[in-house]
Amino acid sequence: MSSDHVQSAERFAARAPAPVPAPAAGAGAPVRALPGAEPASGGAETPFLELLARGASAEAYEQPVLLARAEGRPAERIAALEQAKLLALRVRAELEGRRRREAELSALFETAHDLAGLRDLDAVLQAIVQRARSLLGTDVAYLSLNDPALGDTYMRVTEGSVAARFQQLRLGMGEGLGGLVAQTARPYVTDDYFKDDRFRHTLPIDAGVRDEGLVAILGVPLTLGHHVIGVLFAADRRARVFEREQIALLGSFAALAAAAIDTANLLTETRSALAGLERANEIIRDRSGVIERASDVHDRLAELVLRGGGVHDVAAAVSAVLDSTVEFTEAVTAPARALEASRAEGHAVRHGDDWIAAVAAGGELLGALVLRGHPGLDPVDQRTLERAAMVTSLLLLARRSAADAEQRVRGELLDDLLDARDRDPRLLRERASRLRADLDATHVVLAARLDGAAADADQEAAARRRLWSAASHLAATRHGLAAARDGGTVLLLPLTTGDTATELARGTARRLGTAVHEPVTVGASAPVAELADRPDAVAAAYEEGRRCLDALRLLGRSGDGAAAEDFGFLGLLLAGDRDISGFVGRTIGQVVAYDERRGTDLLRTLDAYFACGMSPARTKDELHVHVNTVAQRLERVGRLLGDDWQSPARALEIQLALRLHLLSGRAQR
């Protein structure tokens with residue numbers, strides 16, 4: 001039945017005397033006749049009760065009245081039927097309204113229930129839009145939310161929509177009906193969207209609405225407090241008038257949608273806060289572990305310092321704490337750019353997959369701690385590496401100070417051996433013993449000097465200090481002594497079994513040159529013994545070492561090491577003790593020994609060979625032997641002395657050795 005029929009029925013009932021109120025919903029009580037009216041046979045309300053019972057349409061309620069008129073019933077009967085019809089229509093309208101409100105309340109209750117168990121905001125908003133569309137009986141329902149960052153509103157959920165462009169619409173504030181609702185926070189309804197000029201039409205919005213085919217649109221605001229967060233819509237593809245009850249119902253759904261959004265936001269914030277708390281707890285746990293690890297590192301490093309550990313002990317301790325390989329390297333072997341960056345910044349720096357922490361004291365680079373294969377280093381672990389580098393620098397400085405003190409003491413003892421020849425041997429031995437040196441062992445005195453040209457006096461002084469430091473370190477490791485003297489360095493090193501002065505000189509030149517990164521020339525004396533009892537022997541040996549050093553430099557052998565025995569007959573001039581027998585033995589000793597064992601005449605043949613101008617033919621005449629005999633003897637000499645024995649230098653040394661041997665033999669006779 002149309003609303004016009006209901007309104008006319010209500011107006012008619014209002015003019016009738018004392019209308020009977022409708023029964024309560026579901027009561028089933030019969031409609032009472034008006035006072036003073038005579039009910040017809042069976043009661044005038046009976047057919048209308050049957051119509052109510054079966055839920056007939058509004059048009060069916062005209063049939064009993066029309067039938068009574070067609071049958072010619074009395075006017076009283078027809079009037080009673082008319083009155084009963086109006087009452088029945090009112091009851092029917094009331095029942096329909098109650099059923100509709102019951103359905104609305106049920107939908108609102110279900111929506112509130114969904115909201116109470118909110119798990120997925122999109123699912124709740126979708127349910128709200130679906131129920132709003134169903135209860136209002138519209139073709140489409142949709143919900144938009146405001147975007148504060150962009151200052152507009154956008155589609156969030158749609159139900160019944162078929163146009164993609166419509167589903168992706170964004171409405172500026174004041175644009176379209178939705179933009180007007182979002183801007184004013186008031187509901188708006190239009191019977192015909194395209195004919196309504198209360199809001200601003202734009203091409204994108206109108207195109208989207210036209211694609212969807214919408215005509216009548218109702219929009220209500222979604223509000224939280226005084227703030228509009230979006231709009232809920234119900235729309236039809238035909239002209240339609242939305243009643244106040246429908247507007248109120250959509251407003252209720254909008255309130256639930258706003259509550260759902262607020263609840264979801266609160267849940268999101270709560271989850272975010274819980275996640276933040278969990279992260280904070282993780283950080284606290286991590287920091288607690290870090291503090292414990294840092295305390296462990298501190299304890300380990302302190303223990304190392306107290307028990308006199310070295311730099312490699314520090315590296316091993318940090319390796320254990322960081323569970324990685326940490327090594328100490330010299331400054332010259334570490335990556336130059338990374339090392340310089342670490343020294344300048346005062347922090348460890350990354351170099352590929354490694355970390356470099358400079359070990360420095362003031363402006364001097366002492367080395368580096370290198371953490372291998374650990375690119376993702378935690379900041380606290382980085383500080384641990386930096387702290388270890390600092391401890392390493394302190395250890396190196398402390399060790400350097402101790403070494404400097406020991407070097408000074410070693411230098412003072414060697415100075416006394418070189419200069420003060422009247423020292424008490426017992427005191428000299430005691431002082432040497434404290435330095436782990438044995439003055440009763442056989443030693444070699446070595447004179448060392450740098451051969452590189454310095455740019456200025458400061459650089460030359462720095463180079464000499466480096467040479468003295470390297471020499472002192474070598475002397476300490478070899479249980480010897482070292483001192484700076486005459487622009488260079490003098491060393492007193494013990495001669496080990498099977499070693500020679502020449503080998504010691506060459507090895508010393510090589511080690512010192514590597515340490516100072518410059519060529520170092522070293523001259524060695526002959527071995528000397530009983531230094532405590534013969535202090536003057538040290539000074540004489542030093543002079544011999546210096547003469548060898550000068551000879552090396554004159555011969556262009558800078559950066560080499562040698563003793564007097566390496567210079568052939570020149571060694572007789574360089575050696576302090578003029579070791580003639582040693583020279584003879586080194587030069588022709590094998591030939592002398594061969595003659596003594598075999599009873600041959602190789603020495604006499606050699607002497608005749610040189611006297612005859614190295615001519616085999618003349619030599620045979622001098623010796624009165626066959627030329628083949630001379631050749632065989634000379635071949636034997638070559639096997640004993642080496643293939644180069646006839647070279648000018650070797651020939652000169654051999655002739656000198658022959659003369660000295662003959663002179664010594666005559667002197668003995």
Side-chain angles (χ1 to χ4, degrees), residues 99-101 103-115 118 120-147 152-171 175-182 187-196 199 201-222 229-261 264:
R99 280 196 295 270
R100 185 173 64 252
R101 285 192 293 275
E104 293 171 355
L105 290 173
S106 177
L108 291 173
F109 175 79
E110 291 175 359
T111 303
H113 182 269
D114 292 342
L115 178 58
L118 178 67
D120 185 353
L121 176 62
D122 288 334
V124 174
L125 295 181
Q126 189 69 47
I128 289 173
V129 171
Q130 288 174 349
R131 288 163 187 160
R133 179 194 177 202
S134 174
L135 289 176
L136 270 67
T138 56
D139 297 322
V140 182
Y142 51 98
L143 182 148
S144 68
L145 292 179
N146 291 357
D147 188 341
D152 61 5
T153 182
Y154 64 95
M155 292 291 185
R156 175 67 182 270
V157 181
T158 63
E159 178 66 23
S161 172
V162 295
R165 179 157 53 176
F166 178 78
Q167 296 168 10
Q168 298 172 2
L169 276 179
R170 297 188 74 96
L171 294 74
E175 295 178 355
L177 183 141
L180 186 62
V181 174
Y188 275 86
V189 62
T190 179
D191 299 338
D192 192 336
Y193 175 83
F194 290 100
K195 294 181 180 179
D196 199 330
F199 42 83
H201 291 264
T202 64
L203 289 177
I205 298 174
D206 287 355
V209 174
R210 189 174 288 108
D211 287 352
E212 195 63 56
L214 300 181
V215 177
I217 303 176
L218 166 62
V220 295
L222 279 69
I229 63 171
V231 180
L232 179 61
F233 299 89
D236 261 339
R237 296 187 174 94
R238 63 185 183 282
R240 171 177 176 172
V241 176
F242 289 96
E243 299 176 358
R244 289 192 299 272
E245 292 82 359
Q246 294 172 324
I247 297 173
L249 176 61
L250 194 63
S252 298
F253 277 111
L256 290 175
I261 294 171

- Can you check side chain to side chain contact (heavy atoms under 4.5 Å, CB included) on Leu250 and Phe242, steps first, answer last? CA-CA 11 Å; Leu250 194 63; Phe242 289 96; over 6 Å; no

- Query: Does the side chain to side chain contact (heavy atoms under 4.5 Å, CB included) test come out yes or no for Arg156 and Asp122, once each step is laid out?
  - Reply: CA-CA 8 Å; Arg156 175 67 182 270; Asp122 288 334; 2.5 Å; yes

- Where do Val181 and Phe199 land on the side chain to side chain contact (heavy atoms under 4.5 Å, CB included) test, with the steps shown first? CA-CA 10 Å; Val181 174; Phe199 42 83; over 6 Å; no

- Evaluate side chain to side chain contact (heavy atoms under 4.5 Å, CB included) for Asp139 paired with Asp236, printing each intermediate quantity in order. CA-CA 5 Å; Asp139 297 322; Asp236 261 339; 3.1 Å; yes

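A 4.5 Å side-chain heavy-atom check between Asp152 and Asp147 finds at least one atom pair inside the cut-off. At a threshold of 4.5 Å between non-hydrogen side-chain atoms, the residues Phe253 and Val220 do not count as touching.
Of the possible polar contacts, none joining the Asp211 side chain to the Arg165 backbone as a donor-acceptor pair under 3.5 Å is found. A donor-acceptor pair under 3.5 Å is absent between the side-chain atoms of Glu175 and the main chain of His201, judged by distance alone. Under a 3.5 Å cut-off, the side chain of Gln126 and the backbone N or O of Thr158 do form a donor-acceptor pair. Side-chain atoms of Asp192 do not come within 3.5 Å of backbone N or O of Val215 as any donor-acceptor pair.
Of the inter-residue distances, the one linking Leu214 atom CG with Asp206 atom CG reads 11.5 Å to the nearest 0.5 angstrom. The distance from the CZ atom of Arg131 to the OG atom of Ser252 is 14.0 Å, given to the nearest 0.5 Å. A distance of 7.5 Å separates CD1 in Ile128 from CD1 in Ile261, rounded to the nearest 0.5 Å. Here the straight-line distance linking atom CG of Leu218 with atom CD of Glu243 works out to 12.0 Å at 0.5 Å rounding. Put simply, CD1 on Ile247 and OH on Tyr188 are 12.0 Å apart, with the number rounded to the nearest 0.5 Å. For the atom pair OH of Tyr142 and CG of Leu232, the computed distance is 9.5 Å after rounding to the nearest 0.5 Å.
Pro187 and Pro221 make their closest contact through N-CD, 3.8 Å (heavy atoms, listed as atom of the first residue, atom of the second, distance). When all heavy atoms are compared, the tightest approach of Leu136 to Arg240 is O-NH2, 2.6 Å. The minimum heavy-atom distance linking Leu222 with Leu145 is given by the pair CD2-CD2, 4.5 Å. The two residues Gly160 and Glu212 have their closest heavy-atom pair at O-OE2, 3.9 Å. Scanning all heavy atoms of the two residues, the minimum distance from Ile217 to Ala235 falls at CG1-CB, 3.9 Å. Minimum heavy-atom separation, Ile205 to Tyr193: CG2-OH, 3.4 Å.
Partner Phe233 forms a side chain to side chain contact (heavy atoms under 4.5 Å, CB included) with one of Val129, Leu177, Val140 and no other, that one being Leu177.
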